[in-house]
K.L.:
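I'd like to ask some things about the structure below.
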Amino acid sequence: MSIDILIIALGLGVAIGWLWARLSSAKYAAKLPKPYLEGLNLLLSEQPDKAIDIFIKLLAADNDNVETHFALGQLFRRRGEVDRAIRIHQHILARPQLDKSHRQLALLALGTDYLHAGVFDRAERVFQELSRSDSYRVESLQKLLHIYEQEHEWEKAIAVAETLIKFTQDPVACRVAHYYCELAQSPAHKANQQQREQLLKKAIAIYKTSARAALLLGDLYYQQEAYKQAIKQYLRLEELASPWLSEAYVGLQKTYMALGQAEKFYHLLQRRILQSSERMAVNLLADHINQSEGQIAASEFLLNQAKMHPQWIYIQKILDWRVQRDNAADVELKTLSELMGILGQHSIRYRCQHCGFSSHELHWFCPGCQHWDSIVPI
Ligand SMILES: [Zn+2]
């Protein structure tokens with residue numbers, strides 16, 4: 001926002017706030033008080049700190065203009081001038097005769113200023129106090145949740161979310177499941193398999209469709225050589241029609257092989273390919289055909305898949321195998337194969353359904369729109 005727009009908006013806010021206060025108190029007057037005009041002049045001449053000094057003196061002298069100062073603080077925050085917003089909101093809070101509703105509103109504004117400034121410890125204290133009020137309990141709990149997510153304070157986030165569930169219809173369960181998963185993956189719990197299992201079970205108990213918890217629990221059972229339990233967790237993703245089943249393929253393959261039942265895994269891949277032509281399933285089945293029947297049969301399988309659903313990885317594999325088979329392959333073919341490999345390293349594997357953020361790496365929390373569970377494999 002430019003300084004001109006700020007001043008116009010502020011001028012209107014001051015005039016409306018002042019007139020409203022006067023009309024409400026039945027004291028009619030013809031013009032704005034002189035100090036307000038001085039403050040506006042200082043803003044016009046880009047001396048906002050001097051202007052704030054004047055407005056703060058007015059605040060101390062006039063009980064009717066507190067809304068105007070809220071508007072001023074909000075405008076400074078929106079301009080990114082958070083220090084000035086904090087100063088104004090602190091002065092509102094310092095007023096000796098401030099009524100309860102204005103005090104709570106000032107706390108909400110000040111806490112939001114601290115959040116914008118990245119001063120999370122002060123914001124946390126403000127929102128903790130406000131979360132005990134009736135008026136802004138839900139807003140405060142949501143802000144606290146945001147702080148604890150940013151700070152990776154997962155136990156505090158769980159406690160706040162469990163309180164928030166009582167007061168709102170927001171779908172918080174999915175977030176709580178992720179907090180439990182984060183705890184299970186944290187260095188503090190990573191070494192203790194029993195604790196990790198308990199945390200992941202809590203994630204599923206609160207949000208039974210948690211794909212992340214199913215994947216992690218499957219991996220954990222595989223490590224414990226509890227193979228049947230591992231397969232059960234991985235296959236829950238198919239029961240849930242989850243797009244995350246493809247992420248379980250590597251775990252499923254290892255587990256079925258450990259049980260000496262690799263064929264069951266390849267039957268699963270064949271079924272998935274018939275249902276949805278999943279890229280990951282095609283890729284893994286091609287590797288299996290390569291090992292069991294050789295490169296020519298595997299290349300033929302991939303070529304047929306590529307004709308129906310073209311994917312760079314199919315072409316790359318066909319080229320790689322061709323170069324490996326043919327020692328006399330020309331330089332052009334070898335270069336083409338290498339270039340396809342480089343392109344593959346940067347290919348998009350995941351996309352956020354909410355904001356479109358795309359990535360080669362897996363994120364459970366979208367860095368683009370700050371949503372949990374909005375990213376899926378593509
Ligand atoms: Zn997003």
Side-chain angles (χ1 to χ4, degrees), residues 1 77-78 80 82 111-112 114-118 120 123-124 127 138-158 160-162 164-165 168-186 199-200 202-204 206-219 236-238 240-250 276-281 309 311-313 343-378:
M1 189 187 288
R77 189 199 306 136
R78 285 188 180 172
V82 187
T112 308
Y114 286 143
L115 266 188
H116 278 251
F120 288 157
E124 181 186 4
F127 290 124
V138 170
E139 288 95 327
S140 307
L141 291 171
Q142 285 168 336
K143 302 275 190 195
L144 282 171
L145 214 50
H146 173 73
I147 292 169
Y148 296 142
E149 283 182 354
Q150 298 296 312
E151 300 278 273
H152 292 192
E153 296 262 20
W154 305 116
E155 281 168 351
K156 286 184 180 177
I158 289 167
V160 167
E162 284 174 350
L164 192 56
I165 284 171
T168 176
Q169 299 298 314
D170 282 1
V172 186
C174 163
R175 292 168 76 170
V176 178
H178 278 292
Y179 302 156
Y180 279 118
C181 292
E182 290 285 350
L183 270 178
Q185 290 188 289
S186 68
L199 290 166
L200 295 171
K202 281 183 183 174
I204 291 172
I206 197 156
Y207 188 61
K208 69 176 183 181
T209 56
S210 170
R212 185 180 184 182
L215 287 167
L216 290 173
L217 207 48
D219 293 347
R236 277 186 58 240
L237 296 167
E238 190 178 27
L240 297 168
S242 168
W244 290 98
L245 177 65
S246 59
E247 295 292 314
Y249 285 157
V250 173
S276 60
S277 304
E278 231 168 32
R279 181 172 67 181
M280 187 78 163
H309 306 283
Q311 296 282 348
W312 64 266
I313 195 170
L343 280 176
Q345 287 168 10
H346 303 288
S347 67
I348 294 167
R349 291 187 60 199
Y350 307 96
R351 183 169 289 131
C352 176
Q353 294 178 308
H354 192 260
C355 73
F357 171 84
S358 303
S359 169
H360 185 75
E361 304 294 328
L362 168 59
H363 297 272
W364 293 106
F365 183 70
C366 178
C369 64
Q370 314 270 295
H371 277 80
W372 290 98
D373 249 13
S374 59
I375 292 179
V376 291
I378 52 172

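As the structure lists them, so they are numbered: ligands from 1, and atoms in each ligand from 1. If you read the sequence from its start, that first residue is 1, and numbering goes on from there.
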K.L.:
For Cys352 and Ser374, which heavy atoms make the closest approach, and how far apart are they?
P.N.:
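Nearest heavy atoms, Cys352 then Ser374: SG-OG, 3.1 Å.
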K.L.:
With ring pair (Phe, Tyr, Trp, His ring centres under 6.0 Å) as the test, would you mind laying out the steps for His360 and Tyr350 before giving the verdict?
P.N.:
CA-CA 6 Å; His360 185 75; Tyr350 307 96; 7.9 Å; no
K.L.:
The Zn ion (ligand 1): which protein N, O or S atoms are under 2.8 Å away?
P.N.:
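Listed by chain and number, the atoms are Cys352 SG, Cys355 SG, Cys366 SG, Cys369 SG.
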K.L.:
Would you sort out whether Glu149 and Arg175 count as a salt bridge (Lys or Arg N to Asp or Glu O under 4.0 Å), showing the intermediate values?
P.N.:
CA-CA 10 Å; Glu149 283 182 354; Arg175 292 168 76 170; 3.0 Å; yes
K.L.:
Is the closest basic N to carboxylate O distance between Arg212 and Glu182 below 4.0 Å?
P.N.:
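Yes.
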K.L.:
So do Leu362 and Trp364 actually touch side chain to side chain, heavy atoms under 4.5 Å?
P.N.:
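Yes, close enough: below the 4.5 Å cut-off.
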K.L.:
Return each pair, listed once, that meets salt bridge (Lys or Arg N to Asp or Glu O under 4.0 Å) where at least one residue sits in residues 357-378; pairs must be two or more places apart or across chains.
P.N.:
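Qualifying pairs, neighbours excluded: none.
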